[in-house]
Structure formats: structure tokens, C-alpha cells
2 protein chains.
Amino acid sequence: MKIAERINRLGTETAFAVSAEANAFAAEGNTVYPFHLGDMNIPTPANVMEAAIKAMKDGKTGYCPNYGVAELRDVLAKDVNASHGTAYSMDNVAIQPGGKPTIAKFILALMNPGDEVLYPNPGYPIYESQIEFHGGKAVPYGYLEGEHNFKLDIDAIGKQITPRTRILVLNDLQNPTGAECGAEEFDQLAELVLANDLYVLCDEAYFDIRYEGQSQSFAALPDMASRCVILYTFSKKFAMTGWRLGASIGPKGVIDVIAKLNVNDESCSNHFIQYGAIEGLTGDQTEAQQILNTLQERRNTAVDILNSIDGISCFRPNATFYLFPNVTRVMQRKGLTDYNVMRQTILQETGVSFCTRLHFGRELKGEDQLYVRLAYSGIDTSEIKNGLNKLKQFLET
Amino acid sequence: MKIAERINRLGTETAFAVSAEANAFAAEGNTVYPFHLGDMNIPTPANVMEAAIKAMKDGKTGYCPNYGVAELRDVLAKDVNASHGTAYSMDNVAIQPGGKPTIAKFILALMNPGDEVLYPNPGYPIYESQIEFHGGKAVPYGYLEGEHNFKLDIDAIGKQITPRTRILVLNDLQNPTGAECGAEEFDQLAELVLANDLYVLCDEAYFDIRYEGQSQSFAALPDMASRCVILYTFSKKFAMTGWRLGASIGPKGVIDVIAKLNVNDESCSNHFIQYGAIEGLTGDQTEAQQILNTLQERRNTAVDILNSIDGISCFRPNATFYLFPNVTRVMQRKGLTDYNVMRQTILQETGVSFCTRLHFGRELKGEDQLYVRLAYSGIDTSEIKNGLNKLKQFLET
């Protein structure tokens with residue numbers, strides 16, 4: 001069958017190839033330390049599972065509304081208001097089969113062909129893919145190394161805005177860098193958004209995966225709620241990645257359009273699992289807190305070992321479950337400056353599997369530092385120690 | 001927020017408005033007989049539920065591959081081969097969050113803007129919506145009343161094929177008419193497909209909802225497997241509408257593209273429910289058979305009462321859970337020839353709620369008969385009797 005031309009513009013997550021290589025290496029009898037996975041090896045809280053099972057057995061096995069279960073939309077709006085300082089109601093919420101579906105639906109609802117869309121690079125590769133797939137022009141902006149963490153390159157955003165720029169994709173608490181805006185950066189961004197009449201996709205997938213302090217939402221800034229759609233997911237907070245449940249949260253007008261896209265694309269999200277999410281938001285939080293504690297311990301273990309390796313420097317982000325160490329010096333010393341050679345050599349020599357900067361978009365002009373991405377969501381603390389100590393030994397000899 | 005222009009071309013399922021009106025009428029304390037629902041009021045088989053619960057508790061709560069769980073793809077290919085006479089392998093299967101997602105993904109994968117796509121009208125309204133939304137030209141073909149059932153209007157298909165025609169949407173065992181092709185019609189269609197180099201979306205949502213005889217698949221005809229993608233769903237056979245699980249089945253090349261769209265749109269389908277589907281396909285069939293028995297009894301009850309009403313004639317389709325009676329004479333007698341007035345009057349007078357021909361596309365040129373659609377998937381036999389006897393009383397006095 002002759003494939004449609006638009007498919008030439010469709011990207012993908014090249015990180016799946018890393019998984020395939022790691023699995024092949026493991027199948028040969030080798031130990032693999034899986035830092036490449038954005039998945040979690042932590043069980044979903046038992047109370048969430050039990051609530052979903054009860055709903056299934058109670059007959060919540062037929063269709064639910066295309067907007068999602070009303071009670072879930074209501075408690076989610078309240079939960080987001082409590083953590084964000086926003087004023088959403090259930091009318092502002094359309095439940096989705098995961099966090100990711102909000103990306104395509106936001107773009108379909110708001111981007112016209114030819115529109116320019118600013119998106120983070122390094123960043124989640126699906127933004128660029130969906131922008132180009134639906135006929136937009138994807139314009140990358142980057143991140144800079146600050147004192148304690150990566151910082152959004154706001155100058156790069158401001159300089160690239162043209163009369164055709166319509167949308168800003170903002171993934172604060174960012175995958176892969178862990179970057180986080182401060183109040184001053186948020187204010188500068190809001191000024192740019194207002195001055196240039198932009199709409200913003202706020203990808204908040206990691207908003208609740210936070211170890212110290214309180215996450216802030218760009219959508220909570222003055223005049224921003226009417227211009228922002230929040231990508232919300234239950235995947236990380238409740239270790240529900242494979243359940244596929246999330247939401248689009250924003251102005252009623254665009255949420256109505258997104259809910260109409262739901263009718264066209266998949267009718268609705270799985271019915272009974274939405275009762276699990278209601279329990280997650282309103283029930284006992286012990287296990288959800290334990291997930292954060294587990295992740296925090298892993299983060300500290302990984303950051304400490306990475307920074308002990310001569311030639312690696314690694315920030316300790318407050319949020320996400322990713323690390324994006326600068327490995328330029330050590331890789332130059334080892335002669336491993338080609339990303340794919342570096343990754344494959346280290347897998348073969350140590351079993352440590354990870355993604356590189358290349359899995360998060362094409363390198364931008366002027367980039368001269370080398371970065372890799374380690375996820376600690378799918379690997380226990382003891383294996384983090386074993387794997388990264390092997391890495392240290394390999395890199396320091 | 002200013003909505004993108006393409007949204008002007010997006011349709012919807014107007015039947016949702018019927019549900020809303022029925023719910024409002026019920027909320028006033030009235031009895032409603034819900035023949036409007038395409039949903040099912042039958043529980044999912046217990047063995048399917050238990051297998052999904054076991055998988056959930058066993059930790060199948062992380063991502064699965066974008067193509068779906070390998071074991072499910074394997075057993076589904078074998079199950080389809082057994083019932084269809086095809087020769088698919090798991091490479092031909094991409095699991096989806098429902099039957100519906102195959103519609104948009106098929107169109108995105110194979111239709112270029114400006115292509116003409118033949119689609120059934122009356123028919124499932126999402127075909128027309130997705131074709132136009134993604135820049136195609138939706139060309140309707142209709143159905144004719146035959147001796148024992150509706151028949152595809154093959155002449156209308158043949159006459160409307162142009163050099164720009166690229167795709168045929170075929171919903172054999174059709175919603176709403178219950179129409180079914182015979183061997184001769186399939187052969188004629190296959191000739192048209194080959195002569196005009198067409199691709200076919202075979203929407204087989206009701207393939208397994210069959211009371212007598214054996215369903216046939218257009219994809220099983222000689223030379224057709226390479227031109228067809230089957231929309232498969234677990235929704236009806238196992239009363240799993242709200243679980244949202246289905247599959248796209250077709251040539252590996254297009255399935256690979258569809259699986260790449262999965263990566264972009266929702267990553268994957270819910271992981272643990274796929275183990276419920278494996279049990280559904282390979283485990284005890286007692287409850288699945290009971291679902292068919294229940295539906296058959298409902299069909300016979302409804303058809304018998306409808307045909308006893310002076311001025312209504314109703315076929316008894318072998319498949320689907322829909323009836324599409326011709327109500328022209330009775331409605332002319334009652335002065336209810338406006339579809340919406342007819343529907344609302346009958347709801348108010350009898351509590352019987354149903355969809356009309358208008359919920360399945362715009363009327364075609366030359367249509368002079370009136371049809372309504374009754375679904376018997378969401379209403380018990382006793383209520384079918386009560387409701388349709390009230391309808392009979394109202395229409396005959």
C-alpha cells in the first residue's frame with residue numbers, strides 16, 4: 001500500500017531502539033542496568049488498583065462520556081486548583097488515554113498549517129513530530145547550564161518569535177534536563193506570550209514528581225489561564241504509566257474542541273480505571289508519598305556517584321526522575337565523542353544502558369557539550385549503585 | 001483561544017444529543033426505553049475480568065510496546081485467521097485503544113489531501129468526519145431495501161469512482177442497517193477495488209455479533225489482504241465497550257505506520273487489559289456465547305413487535321445489534337414526517353428513545369423513505385416488550 005505523504009513528516013521516539021539493544025544484550029546473558037527507560041518499576045498504589053477493580057466489577061465496563069467520568073473531572077479540577085492556585089472547574093477538564101494524547105489534540109485544535117511553534121530541544125521528541133506532521137513549523141529553543149540546574153534559554157525564545165509564531169510548548173520541570181523556571185523567568189515568558197498573542201501547551205507531566213519545595217504552574221500566572229492548556233497525567237504520581245490515563249485542562253472553548261476530537265479518535269478513555277484515579281486523588285496518599293521517597297533516594301544515589309566520576313558534572317534537579325549529566329570531559333578523555341559509539345561501548349563494557357542527547361532532538365547550532373540522559377524511574381537503588389560504580393570504574397581507567 | 005480552521009471540518013456523533021434528551025426525560029421521573037444506545041448493558045465475561053485483574057496485580061502496569069502485547073497480537077492473528085480464512089501473523093496486528101482509533105489512523109496513513117473516499121451513508125458518522133477533517137473528499141454511497149435485508153448499492157459505488165478515488169470504507173455487517181454482502185457482491189466489489197487500485201478499510205466491528213451462519217471477511221478474498229486493513233474490536237463480542245481495546249490488522253507496511261502513529265498519539269494501549277483480551281480469545285467461551293444468545297432473543301422480540309405495527313416493516317439481520325425499520329407509512333399516517341419532531345414526540349408520549357436516519361449522515365438525493373435505528377444492546381427483553389408495545393399502542397391509535 002502506498003503510504004500517504006504526510007507520514008514522511010512523522011517522527012518517533014528513537015529511544016525505543018535503545019530498549020531493543022538493551023534487551024538484546026540482556027538476552028545474551030548479560031546484566032543490564034536500565035537507565036534508558038522512562039517507565040517505572042514501582043507498583044501502582046494498592047488503593048488505586050482496588051478502586052479500579054471495584055468499578056470494573058460494579059459494571060463500569062460500558063462507555064463513559066467523551067469528556068471522561070464527571071466525578072473524576074470534578075476532583076481533578078479541585079486537586080489541580082489546590083496545587084496550582086488556579087480556578088478550574090470540571091468544564092475545563094477532558095480526560096484522555098494518557099498524558100501524551102493532549103499533545104496531538106492541542107496542536108490539531110489550535111495550530112494552523114504554516115504556524116510556527118516554539119518547542120524545547122533537548123526535549124520530548126513527540127512535540128516536534130506532531131507539529132511537523134500536522135503542517136506546522138517546529139522552531140527549537142534550548143537550555144543553558146546555570147549554577148544549580150539547567151535554565152530555559154529565554155533569549156532564544158524571544159529572538160525566534162516572528163509574526164507567524166503562534167504556540168509555545170513549555171515543559172517546565174523538563175524531560176530530559178530537569179530544568180525549572182523561577183518566578184522571574186515565568187514573568188518574562190508571560191510578557192512574551194502576551195506581547196505576541198501566543199498560546200501555550202504546558203506539559204506538566206512531572207509537576208507532582210517533586211522532592212523539595214513546591215512546583216509552580218505557568219497557567220496560574222495572571223492572564224495565562226485563558227492562553228494555556230495543561231497536559232496532565234496520572235502516569236508518574238501514581239506509577240500508572242501502563243494504565244494510560246491523563247487529562248487536558250484549559251479554557252472551556254478549547255476543551256470542548258478537544259473533547260470533540262475524543263469522540264472522533266477513541267470515543268472515551270477506559271471507564272473503570274477512572275475510578276482508580278479518583279481514589280488516587282482523594283484517598284490515602286501513603287503509597288503515592290512512598291513513590292516519591294523511593295525516587296528521591298534513587299536520585300541522590302545516582303547524582304552522588306555520577307559527580308564522583310572524574311569528568312562528569314551532574315545537577316540534582318528538584319523534580320522529574322531524569323538526570324542529564326554533562327559528560328564532555330570524560331568522553332573526550334576516553335575518545336568516545338560519537339554519541340552512538342559512546343552509548344554502545346558503555347553498554348557492552350558495563351551493562352549501563354542510557355539515552356543520549358540525540359534521543360531528544362537534533363543538536364542545535366553551536367552545541368559543543370556532550371550530555372546523556374539517565375532515568376532512575378525503572379531501576380532500584382542497589383542496581384543504581386552497582387551500575388554506576390561499574391561505569392565509574394570503566395570511565396576512570 | 002482562536003480555534004484552528006481544520007476544526008470546522010470535524011464532525012461528531014450527533015447521537016449523543018439523543019442520550020442527553022433521554023436522560024433529561026428520565027430525570028423528570030419518566031420511564032425511558034433506551035433503544036438509542038450503541039452501548040451494552042451486559043457484563044464483561046468474568047474470566048476476562050479476572051485475567052485483567054491478575055495482570056494488573058502481577059505488575060502489568062508499566063508501558064507495553066506501541067504495537068501491543070506480543071502474546072495478544074499472536075493469539076488475535078490466529079483467532080482472526082480461524083474465523084476469516086486469512087493468513088495473518090502478529091506482524092500484521094497493532095493493538096489500539098478501541099475499534100474506533102483505526103479509522104483516523106488508517107486515513108492518516110493512506111489518504112492524501114484531495115483524495116476521494118467512498119463511505120457508507122447511512123453509516124457510522126466518524127468516517128465522513130475523519131475523511132473531511134484530514135483533507136479528503138467524502139463521497140457517500142447508500143443501501144437499498146432487498147428481499148430479506150438491506151443491500152449495498154454497488155452501482156452507486158461504481159458510478160462514483162473517479163481517478164481521484166483512493167479508498168473504500170466498507171462496513172459489512174453494517175451499523176445501522178444490518179446489511180451484509182453475499183459472495184457475488186464481494187466479488188463485484190473486489191473487481192472494482194482491483195480495477196481502480198483502491199485500498200479498503202474493512203470495519204468489522206460486528207463480525208462476531210452474528211446469530212446464524214458464518215460472517216465472511218472481504219479481506220479474505222483473493223488479492224484483497226494486501227489492500228485491506230481490518231478494524232477489529234473486543235468491544236462487542238466480550239461486552240467490553242468501556243474497556244477501549246481493539247486492533248488494526250493489515251499488511252505489515254501499513255501496520256508499521258499505524259504503530260508509529262500509536263507512538264505519537266498515545267504510546268500504547270492499557271497494558272493489563274490486554275491480558276483480559278487474551279483470556280477472551282483463548283479461554284472459556286461460555287459467557288461470550290451467552291452474550292450472543294441474549295442479543296438474539298432481544299432481536300427476535302423487537303423485530304416481531306415492530307413488524308406487528310401497522311405501517312412499519314423491519315428486516316431481521318443475521319448480525320449486529322441494530323434494527324433499521326422503514327417507518328414511512330406509519331409516520332405519514334401520524335403526521336410525524338420530520339425526523340426530530342417524530343423522535344421527540346415518541347419519546348414524550350411513550351418513553352421509547354431511538355436514533356433516526358439523520359444520526360447516520362445527511363440524507364442522499366432521492367431518499368423518500370423514513371427510517372429509524374433501534375439498538376437492542378442496551379435494553380433487556382422485558383423492557384423491549386414494554387417499550388415497543390407502548391410504541392405500537394401510540395402509533396396505532
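Proteins get letters first, then strands, A, B, ... in listed order; numbering begins at 1 in each. Keep in mind it's a predicted model, so treat the numbers as computed, not measured.
- Contact count against chain B (heavy-atom pairs under 4.5 Å) is highest for A:Leu108 among A:Asp115, A:Leu108, A:Val229.
- Distance check: A:Ser269 OG to B:Glu266 CD gives 10.0 Å after rounding to the nearest 0.5 Å.
- Between the SG atom in B:Cys228 and the CE atom in A:Met1 there is a gap of 7.0 Å [rounded to 0.5 Å].
- Using a 4.5 Å cut-off between heavy atoms, B:Glu50 contacts chain A through its side chain alone, with no backbone atom that close.
- When each of A:Leu110, A:Asp256, A:Asn112 is tested with B:Ile3 by the rule side chain to side chain contact (heavy atoms under 4.5 Å, CB included), just one qualifies, namely A:Leu110.
- Among residues 10-20 of chain A, the residues having any heavy atom closer than 4.5 Å to a heavy atom of chain B are, in sequence order, A:Leu10, A:Gly11, A:Thr12, A:Glu13, A:Phe16.
- When heavy atoms are compared at a cutoff of 4.5 Å, B:Met49 approaches chain A by way of both its backbone and its side chain.
- Contact annotation for B:Pro101: both backbone and side-chain heavy atoms come within less than 4.5 Å of a heavy atom of chain A.
- Proximity to chain A involves both the backbone and the side chain of B:Leu261, based on heavy atoms less than 4.5 angstrom apart.
- Heavy-atom distances place both the backbone and the side chain of B:Cys268 under 4.5 Å from chain A.
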Test A:Arg6 against B:His134 for side chain to side chain contact (heavy atoms under 4.5 Å, CB included), laying out the working first.
CA-CA 10 Å; A:Arg6 67 169 72 76; B:His134 292 297; 4.0 Å; yes
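- Rounded to the nearest 0.5 Å, atoms CZ (A:Arg244) and CD1 (B:Ile273) are 12.0 Å apart.
- Separating the CD1 atom in A:Ile103 from the CG atom in B:Asp265 is a distance of 10.0 Å, to the nearest 0.5 Å.
- Interatomic distance, OG1 of A:Thr44 versus CZ of B:Phe272, reported as 7.5 Å (0.5 Å rounding).
- Of the atoms belonging to B:Thr61, heavy atoms from both backbone and side chain fall under 4.5 Å from chain A.
- Of the two parts of B:Leu37, neither the backbone nor the side chain holds a non-hydrogen atom closer than 4.5 Å to a non-hydrogen atom of chain A.
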